[in-house]
Undergrad: 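Structure provided below as structure tokens; questions to follow.
The basis for the numbers below is simple: all heavy atoms, side chains too, and nothing from hydrogens, waters or symmetry mates.
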Amino acid sequence: MILASGRAHATGRHHVIALFGLGLIGSALQHELRQRLIAANDLLPFGWGPAAPFALQSAAIEHAVARQATNLDIAGQQSLFDCVWCAGVGGFATPAEAFETERRAFGAVLDFARRLATRLPDSEHTFHLLSSAGGLFEGRRHVSGSTRPEPLRPYGRIKLEQEALTRDLPGRINTQIYRPTSVYGFAPRGRTGLVAALAGDAIRRRTTRIFGNPNTIRDYVFADDIARFIADAVVYRAPSATHLLASGKPTSVLEVVRHVEARMQRSLYVQFDTTPSNARDMSVEPGSLPPSLRATPLQIGIATTADRVMRHMTGPAPSGG
């Protein structure tokens, strides 16, 4: 995990931020926070093995956070503390038993947040949770902020459980829950989604197997947009809330393939599973999205993602497109 401590350019206020999870969204959020804070960053261990000493690891992180906050208090400045959970070990196809490690890790981080709220009573505390609209509303169309979650898989059920546990934190801890739809982008340490897989396989001239069908409808949202929204929430503060984060544009899998082909300047080899395990539609009512969420147009976001994959694998991307 990353521990960042520093002053925000926009507000002049001092933040201590514990960021758990450096995958696709976590890496993008780390980049956004670097743009907003004059900060020092430390990388602290938070292992994920079945026998990981979560209590010891969280205690060490707590000590480091308290030290940073104490340094600010000595300087006469109140600290703002944010704990951000972007971590996770599974996806849509992960069986229920595989989430037990994540459940233990999440519980340890919640305990850490509670202890800090007691230990640093003069600080403002916020807990940020990355949930999943896709997991909560799989197979639903026209999802809005009032749609009742009905998860169909263990992945969605663990997210709903984490949301409930987050809302049960003491009242002095502000809670921000984010429900992104189908997030795409690229990070070397992040999970490889559809867009990054298509771009990578295009470079290798391999076939991409897709566990849906060409007409499956999803709402694809760029990881950078999610990260910007969360970074703004960290810097500017807000009352506790649950946010549905999406582009508001229903998009077929085939349209995504065509956009990647346009950027890669070649036809892609794709194979759609004849018995797809992930073919249910999911779309969002645009009027349900936060007004401050700035959604990157799909064509631009896909092109940016493909360029990042190309730079990572081969060097500079080709011009054009």
Undergrad: Rest of the hydrophobic cluster containing L33 (Ile/Leu/Val/Met/Phe/Trp/Tyr, side-chain heavy atoms under 4.5 Å)?
TA: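 I2, I17, L19, L22, L24, I25, L29, L37, L43, V84, L130, Y178, V183, V221, I226, F229, I230, V234, L245, L293, listed by chain and number.
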
Undergrad: Heavy-atom count check: over 12 atoms from other residues, nucleotides or ligands less than 6.0 Å from H63 NE2?
TA: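 At most 12 heavy atoms, drawn from other residues, nucleotides or ligands, come within 6.0 Å of this atom.
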
Undergrad: Using ring-ring contact (aromatic ring centres under 6.0 Å, His included) as the criterion, list what pairs up with Y220, not counting sequence neighbours.
TA: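 Applying ring-ring contact (aromatic ring centres under 6.0 Å, His included) to Y220 gives none.
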
Undergrad: List in chain and number order the residues that pass ring-ring contact (aromatic ring centres under 6.0 Å, His included) with F211, two or more places apart in sequence or in another chain; answer none if no residue qualifies.
TA: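 For F211 there are no ring-ring contact (aromatic ring centres under 6.0 Å, His included) partners, ignoring immediate neighbours.
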
Undergrad: For F106 and F20, I'd like to know if the aromatic rings sit close, meaning centre-to-centre distance below 6.0 Å.
TA: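 No, they do not, as the ring centres are separated by 6.0 Å or more.
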
Undergrad: Name all residues meeting the side-chain contact (heavy atoms from CB on, under 4.5 Å) criterion together with T304; count only those two or more places apart in sequence or in a different chain, and write none if there are none.
TA: F222, I300, R308

Undergrad: Under the salt bridge (charged side-chain N to carboxylate O under 4.0 Å, His left out) rule, what pairs show up with a residue in residues 268-277, not counting sequence neighbours?
TA: R209-D273

Undergrad: Could you list the cluster mates of Y236? Members are the ILVMFWY residues connected by side-chain heavy atoms closer than 4.5 Å, either directly or through other members.
TA: V235

Undergrad: Kindly list each side-chain donor-acceptor pair under 3.5 angstrom involving residues 190-203, sequence neighbours excluded, with atom names and distances?
TA:
from: R191; atom 1: NH1; to: G90; atom 2: O; distance (Å): 3.4
from: R191; atom 1: NH2; to: G90; atom 2: O; distance (Å): 2.8
from: D201; atom 1: OD2; to: T208; atom 2: OG1; distance (Å): 2.6

Undergrad: Start with the C-alpha gap between E100 and R104, add the side-chain angles, then the distance that decides, and say whether salt bridge (Lys or Arg N to Asp or Glu O under 4.0 Å) holds.
TA: CA-CA 6 Å; E100 190 54 39; R104 290 177 51 237; 6.0 Å; no

Undergrad: Y155: which residues meet the ring-ring contact (aromatic ring centres under 6.0 Å, His included) condition with it, sequence neighbours left out?
TA: F92

Undergrad: Please list all pairs passing the salt bridge (charged side-chain N to carboxylate O under 4.0 Å, His left out) test where one or both residues lie in residues 250-260, with sequence neighbours left out.
TA: K249-E255, R258-E261

Undergrad: Output a table of donor-acceptor pairs, distance under 3.5 Å, between side-chain atoms of residues 282-292 and any protein atom two or more places apart or on a different chain; print 'none' if there are none.
TA:
from: S283; atom 1: OG; to: R141; atom 2: NE; distance (Å): 3.2
from: S283; atom 1: OG; to: H142; atom 2: N; distance (Å): 3.0
from: E285; atom 1: OE2; to: H142; atom 2: ND1; distance (Å): 3.3

Undergrad: Apply the hydrophobic cluster definition, ILVMFWY joined by side-chain contacts under 4.5 Å directly or through others, and give me every member besides L152.
TA: none

Undergrad: Can you pull out every side-chain hydrogen bond (donor to acceptor under 3.5 Å, both in side chains) where at least one residue sits in residues 18-31? Sequence neighbours excluded, please.
TA: none

